[in-house]
Amino acid sequence: MTLSISTWNINSVRLRLPIVLDFLRQANPDILCLQEIKCQNDQFPSEAITELGYSNIVIHGQKGYHGVAICSKLPLTEDHRQDYCGVGDSRHISAVFAWNGRRIRLHNFYVPAGGDEPNREINPKFGHKLDFIEEMKLLSADGEPETSAILVGDLNIAPLEHDVWSHKQMLKIVSHTPIETEGLTAVMQAGNWVDLMRQQVPATEKLYTWWSYRAKDWAAADRGRRLDHIWSSSDLASSLVGIDVLKDARGWNQPSDHVPVTARFAV
DNA sequence: ATGGTCGTGTGACGA
């Protein structure tokens, strides 16, 4: 019995619907979690995605910015949208599905990017990001009775040295400052989460999921960051059989600056 | 050393 879950910051699901469909046909995950859909719920391209077998879709959209969705071949129940920091942004959605006799709650997050200046006194967006991850510490992988948990999404933080192209040059760059990387590590520890990507790929190996649009040649420079993550409760970690980071997708037509990451489980 | 590129939806803002 297998299960595969993908996460992808799509940076407008309407503009990039063709590559979403290409990805679903090619990778064929059981569940796809999207971030930055940049549309309202009724603008989400549900029909085209449903036609590929993803008939269970839950959406938390908003006009123009942010927005998350879960598209699943498996039935989804008990969907929930949490308003982190109480500012009305659509940055989280979760739902429950069943696999291998378990109840699993799947959380899909889009953490604030945090602006350019890593100082909350002069940059409120950085303060918002820090407050958001502080609130994430309250989310435990074992918080719900008789329920396992998976957390995916664009967390906009590259926590480890080899999650960025140059640890030293990135220490003052938002996404890799110590207050963020230590904060994200504290979220994982407080909630008893396991970093499934790093369970599969040694921490000594470079691993990126995002390459800036601003580089002249993203592939040649290869100045990436691991901003996208897949975590689980510890009971599911032993069922993980593989992680696929689809780097090719960064070179597709009209690409997102993030690539899809897929976790494969089996028992 | 510091600009560089996207998407939304029309003028800035967020990333």
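A note on names: the letters A, B, ... follow the listed sequences, proteins ahead of strands, and every chain is numbered from 1. Values reported hereafter were calculated over all heavy atoms of this structure, with side chains retained and with hydrogens, waters and symmetry mates removed.
- Between S12(A) and A215(A), the residue anchored closer to the 5' end of DNA chain B is A215(A), taking for each the nucleotide with the nearest heavy atom.
- The P atoms of dT8(B) and dG4(B) are separated by 22 Å, rounded to the nearest whole Å.
- Distance, K129(A) NZ to dG14(B) C1': 13 Å, rounded to whole Å.
- With I31(A) as the partner, the side-chain contact (heavy atoms from CB on, under 4.5 Å) test is satisfied by one option alone out of S4(A), S72(A), S6(A): S72(A).
- Atom CH2 of W210(A) is separated from atom P of dA15(B) by 13 Å (rounded to the nearest Å).
- When the P atom is used for both dT2(B) and dC6(B), the distance is 23 Å, rounded to whole Å.
- The salt bridge (Lys or Arg N to Asp or Glu O under 4.0 Å) search around R226(A) returns D163(A), D195(A), not counting sequence neighbours.
- The separation of dA15(B) from dG3(B), taken at their C1' atoms, amounts to 16 Å, rounded to a whole angstrom.
- Heavy atoms of other residues, nucleotides or ligands lying less than 6.0 angstrom from CD of E47(A) number 12 at most.
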Measure all distances between protein nitrogen or oxygen atoms and nitrogen or oxygen atoms of nucleotides 9-13 of chain B, and list the pairs falling under 3.5 Å.
unit_1: dG9(B); atom_1: OP2; unit_2: R14(A); atom_2: NH2; d: 3.4

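- Within the nucleic acid shown, R223(A) has no heavy atom closer than 4.0 Å to any nucleic acid atom.
- dG9(B) sits 16 Å from dC13(B) when the P atoms are compared, rounded to a whole Å.
- Evaluation of the side chain to side chain contact (heavy atoms under 4.5 Å, CB included) rule for S140(A) yields D142(A) as partners, not counting sequence neighbours.
- Remark: I173(A) pairs with M170(A), R225(A) by the side chain to side chain contact (heavy atoms under 4.5 Å, CB included) rule, at least two apart or across chains.
- For the pair Y213(A) OH and dA15(B) P, the interatomic distance rounds to 14 Å; values are reported in whole Å.
- For A203(A), the side chain to side chain contact (heavy atoms under 4.5 Å, CB included) partners are L160(A), not counting sequence neighbours.
- Each of R16(A) and G114(A) has a nearest nucleotide on DNA chain B; the 5'-most of these lies closest to R16(A).
- Residues forming a side chain to side chain contact (heavy atoms under 4.5 Å, CB included) with K172(A) (at least two apart in sequence, or on another chain): none.
- One interatomic measurement links the two molecules: CD of E117(A) to C1' of dG14(B), which rounds to 17 Å at whole-angstrom precision.
- One interatomic measurement links the two molecules: NE2 of H66(A) to C1' of dT8(B), which rounds to 12 Å at whole-angstrom precision.
- Residue R91(A) is in sugar-phosphate contact alone, with no base atom involved, counting any heavy-atom pair closer than 4.0 Å across all strands shown.
- Between H258(A) and dA15(B), a side-chain N or O to OP1/OP2 separation shorter than 4.0 Å is absent.
- Atom CD of E36(A) is separated from atom C1' of dT8(B) by 11 Å (rounded to the nearest Å).
- Summarising the geometry, the separation between CG on L15(A) and P on dG14(B) is reported as 21 Å, rounded to the nearest angstrom.
- An OP1 or OP2 oxygen of dA15(B) is reached within less than 4.0 angstrom by no side-chain nitrogen or oxygen of R214(A).
- Across all non-hydrogen atoms, the minimal contact from R103(A) to T147(A) is NE-OG1, 2.9 Å.
- Separating the CG atom of D154(A) from the P atom of dG7(B) is a distance of 16 Å, rounded to the nearest angstrom.
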